[in-house]
Amino acid sequence: MFWRERERENTEQNSGVLCGQVRVLVVGDSGVGKTSLVHMIVKGVPVARPAPSIGCMVSVKHTTYGNAGSSSSSLKGDSERDFFIELWDVSGHERYKDCRSLFYSQINGVVFVHDLSQRRTKASLQKWAAEISATGTFSAPLGSGGPGGLPVPYIVIGNKADIAAKEGTRGSSGNLVDVARQWVEKQGLLPSSEELPLTESFPGGGGLIA
């Protein structure tokens, strides 16, 4: 009902051009900072101590993609179009493991989050990728799969860089780049001859490394 109302409003305001809808999972072990990350993306500020997620929480961010100068209404062109991005913050607690697949439907992308001060949370990312690939359904899947055979675009975010630095577990920026490259190459996602795309300063948050 929510999306039908949104589509109807957008049709009336934009001469029949509907908003796009994108569903993105945000996954990772319990306590890595997924909820705070989602809040920062949607509201522009992080949450220091968010309450634990129960099952799954959905937040929506409106964004505009493309160039306003184009007259084409096709996504294949450069036209400007509105999108509602659903961020599905899936609880990483083990108690929800058996029901998490309920949230893995019509996925357009995945954000993997790990805690830079807890190395085990990074090792768990492969498990998360395999779980989503095995039980999820995907909207417009890619031809070649990512980690675990994941057939949609994804990003890996290392969170709590500030805490890791205080505890002496972060190391230098160069070391982080090396570790990131090793992980990506191990998954077969990037040839050794190509440069690793890396965002050291995630927009609006000094404690993130993407």
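Computed from a predicted model, the values in this text were never measured in an experiment.
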So, [X] side chain and [Y] main chain: donor-acceptor pair closer than 3.5 Å or not?
X: His39; Y: Val45; result: yes
X: Arg23; Y: Ser105; result: yes
X: Asn159; Y: Val32; result: yes
X: Thr137; Y: Gln106; result: yes
X: Lys34; Y: Gly28; result: yes

Is any side-chain heavy atom of Leu37 less than 4.5 Å from a side-chain heavy atom of Val111?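 The answer is yes, as the side chains (C-beta and beyond) meet within the 4.5 Å cut-off.
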State, with a plain yes or no, whether a side-chain heavy atom of Val27 is found less than 4.5 Å away from one of Phe112.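 Heavy-atom side-chain distance check passes, below 4.5 Å.
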Going by atom types alone, do Asp115 and Thr121 pair a side-chain donor with an acceptor below 3.5 Å?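 Their side chains do not contain a donor-acceptor pair, so the 3.5 Å distance test is not met.
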Heavy-atom closest pair, residues [X] and [Y]:
X: Leu150; Y: Tyr154; result: CD2-CB, 4.0 Å
X: Thr64; Y: Asp82; result: OG1-OD1, 2.8 Å
X: Phe138; Y: Ser133; result: CZ-CA, 4.0 Å
X: Val152; Y: Ser139; result: CG1-O, 4.4 Å

Between [atom1] of [X] and [atom2] of [Y], what distance do you get to the nearest 0.5 Å?
X: His62; Y: Ile85; atom1: NE2; atom2: CD1; value: 9.5 Å
X: Ser101; Y: Glu131; atom1: OG; atom2: CD; value: 8.0 Å
X: Leu25; Y: Asn108; atom1: CG; atom2: CG; value: 9.5 Å
X: Asp29; Y: Arg120; atom1: CG; atom2: CZ; value: 6.0 Å
X: Ile41; Y: Asp89; atom1: CD1; atom2: CG; value: 10.0 Å
X: Ser91; Y: Arg100; atom1: OG; atom2: CZ; value: 7.5 Å

According to the interplanar angle, ranging from 0 to 90°, do the rings of Trp88 and Phe103 count as parallel (below 30°), tilted (30 to 60°) or perpendicular (above 60°)?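 It falls in the tilted class, 30° to 60°.
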In this structure, would [X] and [Y] fall into the same cluster of hydrophobic residues linked by side-chain contacts under 4.5 Å?
X: Ile155; Y: Leu87; answer: yes
X: Met57; Y: Val60; answer: no
X: Val38; Y: Phe83; answer: yes

With a 6.0 Å cut-off (strictly less than), is the heavy-atom count around NZ of Lys43, excluding the residue itself, greater than 12?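 No, not enclosed.
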